[in-house]
Protein chains: 2
Amino acid sequence: MERGEAYPITYGILGLLAYWGPMSGYDVKHMFDHTLAAMWGAAHSQIYKELRRMKELGWVEMEREERESRPDRKVYTVTEQGLEALRKWQGQPAEIMQLRDELLLKMLFGSLGEPEDVAQNIRGAIVRHEDRLREYRANALNIPARGAFQRGGNAGEIGKRPNPYAAGDEEDVYPALIAHFGIEFEKMYLRWLHEALVVVEPKRSGD
Amino acid sequence: MERGEAYPITYGILGLLAYWGPMSGYDVKHMFDHTLAAMWGAAHSQIYKELRRMKELGWVEMEREERESRPDRKVYTVTEQGLEALRKWQGQPAEIMQLRDELLLKMLFGSLGEPEDVAQNIRGAIVRHEDRLREYRANALNIPARGAFQRGGNAGEIGKRPNPYAAGDEEDVYPALIAHFGIEFEKMYLRWLHEALVVVEPKRSGD
DNA sequence: CGGGACATGTAACGCGTTACATGATTAA
DNA sequence: TTAATCATGTAACGCGTTACATGTCCCG
């Protein structure tokens, strides 16, 4: 595999298509927002770019779906070459992650700012991470079962075809593992934020 | 503050300079590698770029230090405007982070690859995260006390000046909080990796 | 005598973000 | 009538990475 051929987002889209079946770029965007947003954000402009490149690589095929009184859809289907690329990717070791959390950076240099500003930032983070934890708990990353993806409207034959890549009835443990990670991560993050708030928060005399 | 004026890495460098005193770009790179690498990687080319831009913004001043039989150094010092920018940054809310961990992406679509490949990836991640945890535990992010940064060699007067921004004897809790986060994160990550390995690892009959 | 540390840069390239653009339908 | 949903795109911009470039000193 040459350098610059594919990136995590490429495989993210390819994985969505392989896992849930043929979709339009618009659908991929919605899947990203509902399943991968907390892990890997993606603007629709980026998704359309990647789909075009994957078509040039022969990893997906595109079929134009014309509809009356609705904009046309371009439905993408993973090819055998695309599946091969996914398997190859799975076999390669993943680099260790970097956190790249701006809050941690702000807090590392917290002594160069006002303590109340740091405390305010921590309180904001608590709210956002509690929201995320609630989401994770409510729907376990919103991951529908393999091949079960179906979008509203009369999407024609293509949307109703069963996913040709679905592997029968055997259950898939991986989405549950990822959801579990998300929950454990948010719980740990929140524990730490509360600890930090106690340390940082200015003590008031009348308390 | 206009869009595109400064980014996390800008404030990371500015914070290093404000916290540990005047440094060259080469020194900044070393500080990054020893304190922030796990959180925010930075190539030296990027650091030199940022230092140039910060000079144009008036956030730092540059003094050329000529030395015999050694390459010249460009020593950067934070200005009052730079400190003001840092304080302003501290007062602004931080966006919620995205994980962007390729291993999680690979595992989400683990069912599209070979189970043994996934297991191998998990084992590799365990080794790397154990290393990182050991590092964190050994030196708590390698963060020297405020103003205590000193590099080898006879670096001239500049390197020996006490940090003008150091705020006396009061201890700084923030680096310890960040180090604590790093340790808790790695512990949680490792717990999860071991759980995942048990689920994923193919059972052998003779075991 | 080769390799590491010291020290600073340029060039190429693309992911990822933000903004701009179009235009129909449907529901409040 | 205002706004959201459906649906796809282009353009600008820069962070971040990788590779290329130069030259001295010091250690084994």
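Computed from a predicted structure; not experimentally measured. First the proteins, then the strands, lettered A, B, ... as listed; each starts at 1.
- The nearest whole Å value for the distance from the CD atom in Gln98(B) to the C1' atom in dG16(C) is 10 Å.
- When heavy atoms are screened at a 4.0 angstrom cut-off, Arg64(B) is found touching no nucleic acid atom at all.
- Judged by atom type and distance alone, Ser45(B) does not reach the base of dT8(C) through any side-chain donor-acceptor pair under 3.5 Å.
- Between Tyr7(B) and dC15(D) there is a side-chain polar atom (N or O) within less than 4.0 angstrom of OP1 or OP2.
- Atom NZ of Lys29(A) is separated from atom P of dG9(D) by 16 Å (rounded to the nearest Å).
- Distance, Gln46(B) CD to dA11(C) P: 16 Å, rounded to whole Å.
- Mapped onto DNA chain D by nearest heavy atom, Trp40(B) and His44(A) fall at different nucleotides, with His44(A) at the one closer to the 5' end.
- Remark: P of dT5(D) and CG of Asp27(A) are 15 Å apart, rounded to the nearest angstrom.
- Atom pair Glu102(B):CD and dG16(C):P shows a separation of 11 Å (rounding to whole Å applied).
- Comparing atom distances between the Tyr76(B) side chain and each of dG9(C), dG9(D), dT17(C) picks out dG9(C) as nearest.
- Distance alone, capped at 3.5 Å, places no donor-acceptor pair between the Asp172(A) side chain and the Ser111(B) backbone.
- Heavy-atom distances to DNA chain D give each of Pro71(B) and Asp72(A) a nearest nucleotide, and the one nearer the 5′ end belongs to Asp72(A).
- Arg67(B) has no side-chain polar atom (N or O) that falls below the 4.0 Å cut-off from OP1 or OP2 of dC6(C).
- Between the side chain of Gln90(B) and the main chain of Lys106(A), a donor-acceptor pair closer than 3.5 Å is present.
- Comparing dT8(D), dG16(D), dG16(C) by their nearest atom to the side chain of Lys49(B) picks out dG16(D).
- Between Arg100(A) and dG16(C) there is no side-chain N or O to OP1 or OP2 distance below 4.0 Å.
- Separating the CE atom of Met39(A) from the C1' atom of dG16(C) is a distance of 18 Å, rounded to the nearest angstrom.
- The 5' end of DNA chain C is approached more closely, in terms of each residue's nearest nucleotide, by Gly25(B) than by the other of Gly25(B) and Gly41(A).
- Side-chain nitrogen and oxygen atoms of Tyr26(B) include none within less than 4.0 Å of the OP1 or OP2 phosphate oxygen of dT8(C).
- The phosphate of dC15(C) has OP1 or OP2 within less than 4.0 Å of a side-chain N or O from Arg53(A).
- Using modelled atom types, one finds a donor on one side chain and an acceptor on the other under 3.5 Å when comparing Arg123(A) with Gln120(A).
- Checked against the 6.0 Å centroid threshold, Phe185(A) and Tyr136(A) do not count as a close aromatic pair.
- In this structure a side-chain-to-backbone donor-acceptor pair under 3.5 Å is missing from Asp101(A) to Met39(B).
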